[in-house]
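The next block holds one structure in the form of structure tokens; read it before the comments.
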There are 2 protein chains.
Amino acid sequence: METKSTVREQILDHAITLMMLRGYNGFSYRDLSELVGVKTSSIHYYFPSKDDLVLEAVNQYSSEVMAGLQSIDAALPAGEKLATYTRLFGKTLGDGDQICLCGMLAADIESLPESVREAVQAFFRANESWLAAVLAQGAKEGTLVVKGKPESAGRTLFAALQGSVLASRLFHTKSRLEDVEAMWRVAH
Amino acid sequence: METKSTVREQILDHAITLMMLRGYNGFSYRDLSELVGVKTSSIHYYFPSKDDLVLEAVNQYSSEVMAGLQSIDAALPAGEKLATYTRLFGKTLGDGDQICLCGMLAADIESLPESVREAVQAFFRANESWLAAVLAQGAKEGTLVVKGKPESAGRTLFAALQGSVLASRLFHTKSRLEDVEAMWRVAH
DNA sequence: GTCTATATGCCGATAGAC
DNA sequence: GTCTATCGGCATATAGAC
């Protein structure tokens, strides 16, 4: 029983990919039209305005990432959780030319409506607090370094990861994510 | 003796400000035209193509930042150097709606020519190695925390600062930069 | 140097046939 | 649902007068 994706799903998936590549102002309904194989007017049928499309893209992307986080075994040591998270984060790079959708939209935020800002903020908060919990666990285990409150540390770690994918793409390298992870690890 | 800026300088300054707000694909010659008070064709006289304009904008921005770095007294303790750097970085936020030009262009990099990528890379490298030197000094003094090589630590710190201005703007707050700085500081 | 005028093309969006 | 056709607007860029 093959489950082929609907036109609507294809539009959303390609919109996410294109925005991770070029950002909100760097893709068009025409781009999507050519990728999906329908006319631009058909895209307007599913997503009346570009803002509607972006908002749904963020929501789908967030759901996928949240599902990825929940799939990480809660019984794991903190160090392995962080390693898994870093690896997942590195996968957003794709062929090396993409960054996190919400990191990209944070850069484009001044061109976007308030509804999108709130959705992107929610994504940031969810990741930051997930990382804060992992850091708190690691501090208790003595495996991760946490200076100050775990909440501050979680925000800093997430920022470092966002900045690192940006730099990884800029320099066509992959190694910068691991540098970040190592920084929060207790020296052997 | 007042030194009024030339049209060319005004164009470049407004281009930098606009890009720090909305990015490469989010501003136009028309925007500049209205801000400076000349027609778009006059802007093309100074900067034949938009890519020319962006490249010169990056170069001017880099020069300004480099001058800011050189103005930091080399005799200062590492902790104070880092504090000054963080404060300078926070000033890029402007009225709270701007991010670092080169962080923004790193997000837009897949829409830009190779010449701009190289200029943005040079900016990243200069900042990363400046921070690496400060961290090395701080490690010697016992005032800053450095795990692993100073080069890796410098890259991670710079990434964290880039990610933090992004988040600061997203959440309309200013406090995230100091969280980052505190993370590299040796606990009292 | 700055202007008017224009070229050419893409943009998001809508109306209405099928 | 998908199409054709089209709208009004804005994009970068250029030609040529002054």
Side-chain angles (χ1 to χ4, degrees), chain A residues 3-58 60 104-105 107-117, chain B residues 3-58 60 104-105 107-117:
Chain A
T3 325
K4 55 181 166 188
S5 61
T6 65
V7 167
R8 190 192 154 86
E9 288 164 346
Q10 289 180 60
I11 294 169
L12 219 37
D13 287 344
H14 278 113
I16 291 173
T17 301
L18 276 175
M19 277 192 282
M20 292 170 73
L21 183 70
R22 278 186 249 127
Y24 172 73
N25 290 309
F27 86 103
S28 70
Y29 274 54
R30 176 180 290 197
D31 294 331
L32 289 171
S33 163
E34 289 166 1
L35 284 168
V36 178
V38 296
K39 297 296 175 180
T40 61
S41 51
S42 299
I43 304 179
H44 279 285
Y45 169 79
Y46 294 103
F47 307 98
S49 79
K50 204 181 177 185
D51 288 343
D52 295 326
L53 174 57
V54 175
L55 186 57
E56 291 215 43
V58 173
Q60 169 162 321
M104 179 64 90
L105 293 181
D108 292 336
I109 204 68
E110 301 295 328
S111 304
L112 291 162
E114 189 62 23
S115 55
V116 174
R117 185 188 292 261
Chain B
T3 326
K4 57 181 166 187
S5 61
T6 66
V7 168
R8 190 192 155 87
E9 287 165 347
Q10 289 181 60
I11 294 169
L12 218 37
D13 287 345
H14 279 112
I16 291 173
T17 301
L18 277 175
M19 276 192 283
M20 290 171 74
L21 182 71
R22 278 186 248 127
Y24 172 73
N25 291 309
F27 87 103
S28 69
Y29 273 54
R30 176 180 291 198
D31 295 330
L32 289 172
S33 162
E34 289 165 2
L35 284 167
V36 178
V38 296
K39 298 296 175 179
T40 60
S41 50
S42 299
I43 304 179
H44 279 285
Y45 168 78
Y46 294 103
F47 306 99
S49 80
K50 203 181 177 185
D51 288 344
D52 295 326
L53 174 57
V54 175
L55 186 57
E56 292 215 42
V58 174
Q60 169 162 322
M104 179 63 91
L105 293 181
D108 291 337
I109 204 69
E110 300 296 329
S111 304
L112 290 162
E114 187 62 22
S115 55
V116 174
R117 186 189 292 261

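Chain naming here is simple, since letters A, B, ... match the order of the sequence lines and numbering starts at 1 in each.
Using a 4.0 Å heavy-atom criterion, one finds that B/F47 contacts no nucleic acid atom at all. Across all strands, A/K50 comes closer than 4.0 Å only to sugar-phosphate atoms, never to a base (heavy-atom distances).
Spacing between atom NZ of A/K39 and atom C1' of C/dT14 amounts to 17 Å, rounded to whole angstrom units. Taking atom CG on B/L32 and atom P on C/dT2, their separation rounds to 14 Å, with Å as the unit. Between A/R8 atom CZ and D/dT2 atom C1' there is a gap of 16 Å when expressed in whole angstrom units.
Within the structure, every side-chain polar atom (N or O) of A/R30 is placed at least 4.0 Å from both OP1 and OP2 of C/dG12. At C/dC11, one or more side-chain N or O atoms of A/S28 fall inside 4.0 Å of OP1 or OP2 (strictly under the cut-off). Contact annotation: A/Y29 side-chain N/O to C/dC10 OP1/OP2 distance is not under 4.0 Å. The phosphate of D/dA13 has neither OP1 nor OP2 within less than 4.0 Å of any side-chain N or O from B/Y45.
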For nucleotides 14-16 of chain D, print each protein N/O atom paired with a nucleotide N/O atom at under 3.5 Å, atom names and distance only.
none

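Under the side chain to side chain donor-acceptor pair (under 3.5 Å) criterion, B/S42 pairs with no residue, sequence neighbours left out.
Two residues, A/D51 and B/S42, neighbour DNA chain C, and the one matched to the more 5' nucleotide by heavy-atom proximity is B/S42.
Judged by the 6.0 Å distance and 45° axis criteria, A/K50 is positioned over the aromatic ring of A/F27.
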Throw together a table of side-chain donor-acceptor distances under 3.5 angstrom for residues 109-117 of chain A, partners on residues two or more places apart or in other chains.
from   : atom 1 : to     : atom 2 : distance (Å)
A/E110 : OE2    : A/R117 : NH2    : 3.4
A/S111 : OG     : A/N25  : ND2    : 3.2
A/R117 : NH1    : B/R169 : O      : 3.2
A/R117 : NH1    : B/L170 : O      : 3.2
A/R117 : NH1    : B/H172 : NE2    : 3.3

